[in-house]
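Input: a single structure, listed below in structure tokens.
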Amino acid sequence: MTESGNDLNGTRGITEAGGGVGTLTRDDFASDQEVRWCPGCGDYAILAAIQGVMPDLGIPPEKTVFVSGIGCSSRFPYYMNTYGVHGIHGRAPAIATGIASARPDLTVWVVTGDGDGLSIGGNHLIHALRRNVNLKILLFNNQIYGLTKGQYSPTSEEGKVTKSTPFGSVDHPFNPISLALGAEASFVARTLDVDRKHLTSVVRRAAAHRGSSFIEIYQNCNIFNDGAFIALTGKEGRSTNRIYLEHGKPIRFGPDASKGVRITPDGRAEIVAVGEAGDANLLVHDEHRDDPSLAFALSRLADGPTGPTPLGIFRAVDRPAYGDGMEHQLRSAADQQGPGDLSRLLNSGDVWTVN
Amino acid sequence: MTESGNDLNGTRGITEAGGGVGTLTRDDFASDQEVRWCPGCGDYAILAAIQGVMPDLGIPPEKTVFVSGIGCSSRFPYYMNTYGVHGIHGRAPAIATGIASARPDLTVWVVTGDGDGLSIGGNHLIHALRRNVNLKILLFNNQIYGLTKGQYSPTSEEGKVTKSTPFGSVDHPFNPISLALGAEASFVARTLDVDRKHLTSVVRRAAAHRGSSFIEIYQNCNIFNDGAFIALTGKEGRSTNRIYLEHGKPIRFGPDASKGVRITPDGRAEIVAVGEAGDANLLVHDEHRDDPSLAFALSRLADGPTGPTPLGIFRAVDRPAYGDGMEHQLRSAADQQGPGDLSRLLNSGDVWTVN
Amino acid sequence: MSTQIAPPEGTDRKELDRVVIRFAGDSGDGMQLTGDRFTSVSAVFGNDLATMPDYPAEIRAPAGTLAGVSAFQIHFADFDILTPGDQPSVLVAMNPAALKANLKDLIPGGLLIVNTDAFDNNNLEKVGYTENPLTDGSLAGFQVYEIPMTTMTVESVKDTGVNKKEAERSKNMFALGVISWMYSRPLEPTIAWLEKKFAKKPHLAQANVAALKAGHAFGETAELSAFEIKPATLAPGTYRRITGNQALAYGLIAASVQSKLPLFLASYPITPASDILHELSRHKNFGVRTVQAEDEIAAAGMMVGAAFAGHLAITTTSGPGLDLKSESIGLAVSLELPMVIVDVQRGGPSTGLPTKTEQSDLLHAMYGRHGEAPLPIVAAYSPTSCFWAGIEACRIALKYMTPVILLTDGYLANSAEPWRVPSVDKLPDISIPFASQPNAGEDFWPYLRDETTLARPWAIPGTPGLEHRVGGLEKADGTGNISYDPDNHHLMTQLRAAKIKAIEEEVEPLEFDADEDAKVIILGWGGTYGAIGAAVRRLRNRGKPIARAHLKHLNPFPKNTGDVLRRFDKVVIPEINTGQLSRLIRAEFLIDTIGINKVRALPFRAGDLEQELLKIMES
Amino acid sequence: MSTQIAPPEGTDRKELDRVVIRFAGDSGDGMQLTGDRFTSVSAVFGNDLATMPDYPAEIRAPAGTLAGVSAFQIHFADFDILTPGDQPSVLVAMNPAALKANLKDLIPGGLLIVNTDAFDNNNLEKVGYTENPLTDGSLAGFQVYEIPMTTMTVESVKDTGVNKKEAERSKNMFALGVISWMYSRPLEPTIAWLEKKFAKKPHLAQANVAALKAGHAFGETAELSAFEIKPATLAPGTYRRITGNQALAYGLIAASVQSKLPLFLASYPITPASDILHELSRHKNFGVRTVQAEDEIAAAGMMVGAAFAGHLAITTTSGPGLDLKSESIGLAVSLELPMVIVDVQRGGPSTGLPTKTEQSDLLHAMYGRHGEAPLPIVAAYSPTSCFWAGIEACRIALKYMTPVILLTDGYLANSAEPWRVPSVDKLPDISIPFASQPNAGEDFWPYLRDETTLARPWAIPGTPGLEHRVGGLEKADGTGNISYDPDNHHLMTQLRAAKIKAIEEEVEPLEFDADEDAKVIILGWGGTYGAIGAAVRRLRNRGKPIARAHLKHLNPFPKNTGDVLRRFDKVVIPEINTGQLSRLIRAEFLIDTIGINKVRALPFRAGDLEQELLKIMES
Ligand SMILES: Cc1ncc(C[n+]2csc(CCOP(=O)(O)OP(=O)(O)O)c2C)c(N)n1
Ligand SMILES: Cc1ncc(C[n+]2csc(CCOP(=O)(O)OP(=O)(O)O)c2C)c(N)n1
Ligand code: SF4
Ligand code: SF4
Ligand SMILES: [Mg+2]
Ligand SMILES: [Mg+2]
């Protein structure tokens with residue numbers, strides 16, 4: 001513990017991570033608070049998956065911060081035995097940016113909803129992605145406002161009948177993956193509440209990414225929007241509609257992997273029968289492509305999760321993280337100018353003396 | 001003039017456009033206010049071009065509204081002899097959405113800057129685009145905060161040294177075209193302050209588009225960011241770096257149109273020498289493609305305007321405009337339920353009588 | 001008070017003047033619906049009544065937990081009543097959680113009706129009962145009816161073909177049947193209602209009706225206490241029940257009709273204001289445009305735009321949203337355009353207690369903008385008064401070309417009262433003309449003011465020749481051109497203030513109602529109206545002289561406010577905040593005030609107020 | 001006053017005690033630089049001084065227009081002065097626009113120095129002069145020096161190899177030379193400065209030096225009036241000039257050093273606050289992190305995050321930005337984390353007069369959040385006091401675990417004064433310990449309060465065993481768990497208020513300075529300190545007994561405030577708003593106040609204040 005001086009790293013009062021990271025268990029990450037979502041809510045599965053994967057990440061609870069806004073999903077931090085801030089509606093990325101850029105030694109997670117993150121909080125989200133702040137952003141997309149009891153959200157399909165749109169909504173939804181890619185996101189993925197294995201693997205990759213990781217998680221709200229993802233979770237859809245993206249592999253899906261994706265000569269991604277197209281003409285997925293155009297084209301395969309829909313990591317490229325750039329400037333300023341000397345600063349400029 | 005009743009179209013007190021639209025001149029659109037930008041500012045050229053094109057659009061001044069936020073560019077409405085609102089920083093798209101959805105009979109323009117529209121106002125912008133509100137949005141991108149005297153903006157290049165970033169900025173900029181496409185924009189274009197002919201033609205197209213038209217206009221701030229677009233406006237760059245997109249034509253540019261753009265089999269847009277690639281392999285531009293992936297790929301040809309950069313209309317597709325959808329609901333509700341009867345409404349539900 | 005307690009036994013119907021019943025159960029038990037049906041029947045029967053729902057906090061907690069308890073309270077009487085009642089005299093508890101959460105409120109000796117089937121070990125444990133309260137003697141102070149409601153319900157519906165879950169779900173109708181028998185409510189309206197509701201699922205209708213009847217029959221058979229509450233003598237007219245949020249939505253539609261302006265609402269959902277948006281979005285045939293904006297800032301911006309475009313522009317929100325709208329409201333003050341911002345106050349600060357009520361946004365409404373940006377403030381005082389408040393806020397906005405803040409609160413928003421439906425032709429005409437021609441020679445000056453109201457003209461896009469630009473920069477009075485002139489700024493600052501102050505000329509004077517010899521006046525505002533009224537009634541019943549007044553306009557105050565208050569030795573201001581109106585009264589009139597301030601995010605209880613007032617009167 | 005007017009003629013240096021000079025010209029004429037150089041030389045020479053720049057409104061208007069006029073005023077004297085001066089006694093006007101915009105401020109009989117070369121028809125027309133004021137007799141009331149500055153400058157630099165534009169641009173140095181001769185300022189420091197500035201362009205250095213010398217020589221040759229202003233007797237020490245914004249930036253860095261916490265600033269540019277961001281972003285070697293956020297809401301959110309993370313977290317803004325931060329500040333109140341929000345007040349409402357000053361955000365700072373969300377408010381009162389205010393605001397924030405609002409204004413922000421540089425080892429230690437271990441048995445309770453300060457512990461991420469969650473929902477005192485309990489909410493509301501109120505115990509008592517027999521006290525706050533002081537001095541010089549006090553803490557007030565004010569018959573409160581402090585004083589102490597309220601978005605003039613005060617004292 002460094003108790004003296006004004007420490008550039010902001011680590012005053014912080015001990016190094018106690019030993020035993022390797023011995024962490026799921027219980028170390030579960031708080032004692034009663035979980036209060038509706039029975040059957042998809043949030044439970046996500047919570048279980050996250051609590052399950054945390055011990056594997058090698059980061060102790062005290063170095064982990066969960067930040068959220070307001071919404072059902074935003075209750076998440078209360079259930080994690082880490083540091084946490086339950087913020088205000090839409091502002092989680094801003095609060096988290098404050099934490100992450102002040103303290104590059106922490107791992108900061110953001111939990112947000114489709115309303116919290118894409119409606120009121122859209123600006124903070126796209127700016128966090130653009131800056132590549134070192135945040136792991138989990139967007140629980142249930143295509144509805146849960147907490148306020150069922151209004152449509154910016155991801156609800158056109159024509160959606162809700163409390164606030166009794167005649168059906170007249171606005172076109174965002175595709176969160178496209179939006180994130182348009183906002184320069186360096187890590188963009190999509191997964192599903194009920195697919196724990198996939199969710200866990202994507203989260204693990206996100207945690208390892210330095211910079212902003214954006215994960216859209218399709219989450220069922222069984223009270224106000226039940227079955228929104230039935231095309232991916234229902235018995236049949238499960239095998240026909242999930243297009244798992246895997247780096248370096250041709251994109252194939254469906255029963256017997258009989259379908260695939262290829263790029264048309266004019267730049268669109270399209271679904272084809274593997275037999276017709278020929279295996280060799282299928283698109284080989286490349287997460288690491290610097291140009292996000294391919295990832296973008298894949299994001300347009302599905303306008304909404306009602307048919308074949310890509311899941312997995314659309315993009316994962318390296319770009320300097322915001323906090324690291326800031327840190328670098330602090331260090332090099334101190335190197336070049338010497339550490340700050342208050343007396344010298346106050347006495348700088350044109351000074352004169354009166355005796 | 002309809003003076004009675006509560007008119008669904010909100011046109012109470014509004015006369016029909018007076019005759020003589022055809023006889024409008026540029027003077028009809030110029031206000032008597034002194035123009036107060038710095039001498040040499042790119043804003044002058046844009047103002048001249050807009051005032052010049054307005055009479056051709058067939059919409060009289062009283063049916064035209066200019067809405068802006070705060071910034072040098074946002075002074076624009078004062079110079080137009082139309083209705084106008086100089087709003088608050090970043091909120092022009094919201095104010096304009098109020099006007100356009102209340103009054104589908106008006107043509108509503110938004111003038112905003114890279115700070116106003118993409119920093120503080122980013123959320124309203126992307127939501128207006130997603131909803132496809134009937135707005136003509138002109139984003140004056142000078143890659144700097146002009147009015148507050150020179151801080152970096154969300155379009156400033158990485159490492160930019162400004163008053164607020166004396167050691168260089170550490171954040172990655174937005175590509176406004178990519179962002180707009182990621183936000184589902186139906187009409188997306190880019191043009192240049194000094195290219196009056198091109199600017200005028202793009203503006204004319206934007207005006208004719210029903211829904212949101214988004215135009216990024218590269219604008220030189222000769223005081224705080226002089227020469228930001230020199231690669232496109234300088235003697236040499238002018239011919240080598242402007243890639244004009246024309247619908248239905250193969251994309252060629254440069255001296256003797258010796259360069260072109262093609263789509264790689266893995267979905268990227270790339271610049272090639274026409275000779276090597278062969279004319280037939282060049283990409284034929286298609287504004288109307290429903291899938292925005294091609295437009296997106298083209299937007300990635302240039303990360304910033306420092307080399308060959310596409311100008312023109314990236315995307316122009318039809319999608320119902322927000323206000324029209326709303327209008328439709330009002331009409332069909334009135335048709336189905338009859339026009340509102342206040343007494344009936346108040347007396348609806350479980351009523352009982354006390355004598 | 002004694003009339004409230006049920007007599008120990010007897011099948012003769014004993015007459016009561018009033019009863020407060022609270023239905024409490026799990027979120028899934030249908031308590032809101034049960035309460036609602038009981039209310040509806042009581043209203044049509046002719047009692048005066050007031051109700052208050054108490055939803056669980058935000059999300060549905062797992063069944064059987066304390067967090068999941070949902071309750072509905074109804075106060076009904078044979079005279080005009082003012083509040084939903086301080087404490088229930090009858091508590092229906094469908095499970096241990098409901099009992100635990102609500103028992104502390106039941107009056108001593110009150111009647112407690114429990115569903116014994118739900119008191120199994122599992123449910124008891126969930127809420128931390130180590131002993132079963134039904135058997136450990138802890139309920140000795142109450143009169144307890146133990147009824148195995150689930151079992152009896154299941155039994156009663158067995159011929160209707162519903163499955164087990166559906167059968168159990170009908171137990172709320174069983175409970176309603178029991179209570180209906182006890183308080184002599186007819187079953188027919190509810191049967192009709194059920195048949196309509198489940199028209200497409202007749203087996204469910206059948207089951208619910210069977211359960212209802214079974215409950216009623218049980219009451220009779222078991223000879224439960226039975227009471228009668230006569231109809232109240234209400235003013236003649238057509239009545240309906242209405243909540244504050246609904247009344248406000250209707251008030252806004254009425255304002256639209258009476259101003260001949262199309263209504264435009266831009267809003268972002270937030271508890272407890274969302275229902276106004278929901279209600280208004282249903283009335284498109286009135287030309288009502290509703291936009292669910294991306295956030296509150298956008299909603300406020302859209303409101304400003306719609307006002308510029310000539311619509312009757314509204315936004316609705318609650319505390320956190322009001323914060324976000326501050327900057328746009330300041331712009332609206334500078335633009336001098338008419339619009340109404342509705343703030344349904346809830347428990348604060350920050351996210352606070354979102355489903356609860358409070359009066360803590362008054363000073364924020366008054367001062368929550370940078371610079372000098374005054375605006376009028378109107379406050380509703382009862383659920384039904386929200387109708388009036390909606391019209392009044394619009395009227396002021398239009399006449400004075402100004403944004404107006406209308407304050408209601410979570411209690412008013414969700415509570416229901418019988419409402420004597422006003423006659424539409426008695427509603428005021430609040431229309432104002434748009435500017436249609438130049439007003440300064442050939443020119444149009446957007447800031448040339450009306451001499452009396454100081455309002456500027458409203459020229460809307462589409463009007464040829466009146467093209468003009470408005471903005472948030474300071475502008476020259478008259479021409480409206482940007483002006484940095486210091487003296488003009490001083491003038492404009494004064495004009496903006498004078499315009500709002502001038503409204504006092506036509507605000508109805510503060511009414512007060514004083515006993516002879518009253519030395520103390522109670523001054524209230526907003527949703528405490530009913531509780532204060534009930535407390536005053538009690539004091540008067542005790543022979544304590546007292547005066548009261550209730551402010552409906554918070555800015556400007558009625559002109560006679562200072563004079564009224566100065567007549568009394570003590571001015572007592574009860575508020576569900578730490579003294580916000582007090583601060584305004586003190587600053588404005590230099591009159592000392594005594595606050596009664598309970599910030600429990602709940603309405604005042606008339607009894608508590610009575611006690612506090614007694615203390616003050618006697619000190 | 002007579003000493004301010006220059007004598008008609010004579011080469012003997014006449015001694016003056018003080019002079020107010022205003023340099024005015026086109027934006028492109030370099031007036032800010034001229035003023036700045038003159039100030040620097042005067043400071044080093046030993047005069048006391050105060051300066052005020054007056055930038056054109058926001059954007060650079062075309063050359064020669066009224067909108068493009070830029071001015072710089074300096075007041076320097078042989079005694080301690082308090083303001084940049086009400087009205088200049090000397091006006092340097094480089095073109096007709098500058099003359100037109102500034103002449104009304106020049107004192108009668110004042111000295112007017114004009115650059116005749118710029119008075120051509122074109123320039124005269126641009127600003128609407130139909131006659132040339134130099135020849136139409138309209139300047140008869142002033143002493144006019146007509147100097148063809150451009151011609152003489154061009155002549156003087158002809159051997160330096162600069163082009164015509166560069167030559168003409170040097171005319172500001174010519175003007176500086178003239179004034180330097182008249183007020184006996186040495187040229188050497190400016191020559192050295194020019195040589196350094198243009199080190200890479202020696203021909204420009206040469207030209208500017210030549211112009212400077214030529215102006216000086218001209219003054220001597222033409223036998224312009226010549227004056228002497230002796231050094232002031234200032235307290236011994238090292239001095240430098242500093243603006244309010246810079247002093248505040250230094251104060252925040254000092255607070256960081258003295259609290260041993262890294263400084264974190266998240267801000268969004270806005271006039272007149274941006275320079276604090278600019279200054280702080282230069283000091284990365286102090287570990288200062290600065291983030292230019294996407295907007296003010298984000299800036300406030302980042303501040304909250306950094307505070308949670310254990311940094312000394314700050315955000316800076318002006319009125320419109322404060323509106324936007326309301327909701328986040330409310331969250332900060334609920335989280336009870338230390339941070340400072342700086343509001344540099346400007347002319348409002350809305351966009352208002354962005355480059356001007358005002359005191360109109362006080363009530364907004366006090367009440368501009370929904371719910372009951374009290375926080376401390378500190379106000380700087382002079383440019384140099386911003387240093388103190390920065391430290392004091394941080395000290396309170398850290399000690400009481402609370403957000404603090406620090407108010408300054410556009411005048412303080414941009415004005416410069418000599419500053420006696422404080423000795424670093426005299427600065428207070430404001431560090432507080434982070435929580436490092438459980439405080440409730442095995443557990444850590446984030447809301448277990450310190451008994452005296454009521455502050456909660458600050459446990460920051462990285463500390464094992466103290467993991468906890470905070471949020472904006474109401475929480476149980478102690479454990480910090482979400483709580484919907486009504487009584488807990490009442491308690492927490494009271495605790496949050498009591499914590500802020502408790503600060504009064506250690507706020508230094510309100511000092512007041514009263515003449516014997518003074519019946520009137522003038523109470524001020526913020527940037528009016530100097531003007532009030534100067535007015536009081538004038539009244540005292542007239543033999544009028546008076547008292548004054550200046551509030552530096554606006555919430556809570558110093559404990560003795562009511563007692564102090566009650567000693568006097570009249571309490572006069574001058575404010576650049578419509579009476580915001582007045583309203584607070586009246587509400588808090590029920591003391592009648594008399595406001596002097598000029599909302600001209602300019603600092604008060606001491607002379608005007610003197611007159612207003614006289615009127616009040618004599619009424
Ligand atoms: C400033 C503000 N506006 C509105 C609200 C009300 N509110 C709370 S959560 C929410 C939306 C929740 O939707 P989403 O983010 O999709 O989360 P979900 O509940 O579906 O998980 C809203 C509108 C608020 N708390 N604060
Ligand atoms: C709420 C608020 N925050 C900050 C400002 C200050 N401000 C005015 S314009 C501006 C940025 C201008 O940049 P841009 O939008 O790029 O316009 P430009 O001046 O470059 O045309 C800022 C930060 C403001 N007026 N209001
Ligand atoms: S309302 Fe929907 S999202 Fe919220 S907890 Fe219930 S099921 Fe989950
Ligand atoms: S500062 Fe830049 S953008 Fe603004 S008016 Fe001047 S040149 Fe144009
Ligand atoms: Mg959601
Ligand atoms: Mg810009």
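First the proteins, then the strands, lettered A, B, ... as listed; each starts at 1.
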Report the option among [options] that has the most heavy-atom pairs separated by less than 4.5 Å from atoms of chain B.
| options | value |
| --- | --- |
| A/G325, A/G121, A/S299, A/P154 | A/P154 |
| A/T264, A/L298, A/I126 | A/I126 |
| A/P320, A/A180, A/A269, A/P173 | A/P173 |
| A/P176, A/A333, A/G168, A/A321 | A/G168 |
| A/L118, A/D324, A/L129, A/D303 | A/L118 |

Toward chain A: residues of residues 278-290 of chain B with heavy atoms under 4.5 Å: B/R289
NE2/A/H328: more than 12 non-hydrogen atoms of other groups inside 6.0 Å: no
Qualifying residues under salt bridge (Lys or Arg N to Asp or Glu O under 4.0 Å), relative to B/K160, sequence neighbours excluded: B/E157
Interatomic spacing from CZ in B/F167 to OG in A/S332 - rounded to 0.5 Å: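 The distance works out to 7.5 Å.
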Nearest heavy-atom neighbours spanning [X] and [Y]:
| X | Y | result |
| --- | --- | --- |
| A/D171 | B/R131 | OD2-NE, 3.3 Å |
| A/S178 | B/E184 | CB-OE2, 4.5 Å |
| B/I263 | A/P265 | CB-O, 3.5 Å |
| B/L294 | A/D266 | CD1-O, 3.8 Å |
| B/S293 | A/A297 | OG-CA, 3.2 Å |

B/H127 and A/F174 aromatic ring geometry - parallel, tilted or perpendicular at 30°/60° bounds: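 Rings of A/F174 and B/H127: perpendicular, over 60°.
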B/H172 and A/Y322 aromatic centres sub-6.0 Å: no
Among the listed options B/H124, B/R262, B/R268, the residue most often paired with chain A at heavy-atom distances under 4.5 Å: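 Heavy-atom pairs under 4.5 Å are most numerous for B/R268.
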Winner by heavy-atom pair count (cut-off under 4.5 Å) against chain A, out of B/G122, B/G267, B/G182: B/G182
Heavy-atom donor-acceptor pair, A/Q329 side chain to B/S169 backbone, under 3.5 Å: no
B/S119 backbone acceptor or donor facing A/N123 side chain under 3.5 Å: yes
Per-residue contact mode, B/P292 against chain A (heavy atom under 4.5 angstrom): both
A/N175 portion near chain B, given a 4.5 angstrom heavy-atom threshold: both
A/L125 portion near chain B, given a 4.5 angstrom heavy-atom threshold: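 Contact with chain B involves no heavy atom of A/L125 at all.
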Lys/Arg-Asp/Glu bridge criterion (N-O < 4.0 Å) met for B/E158, A/R130: no
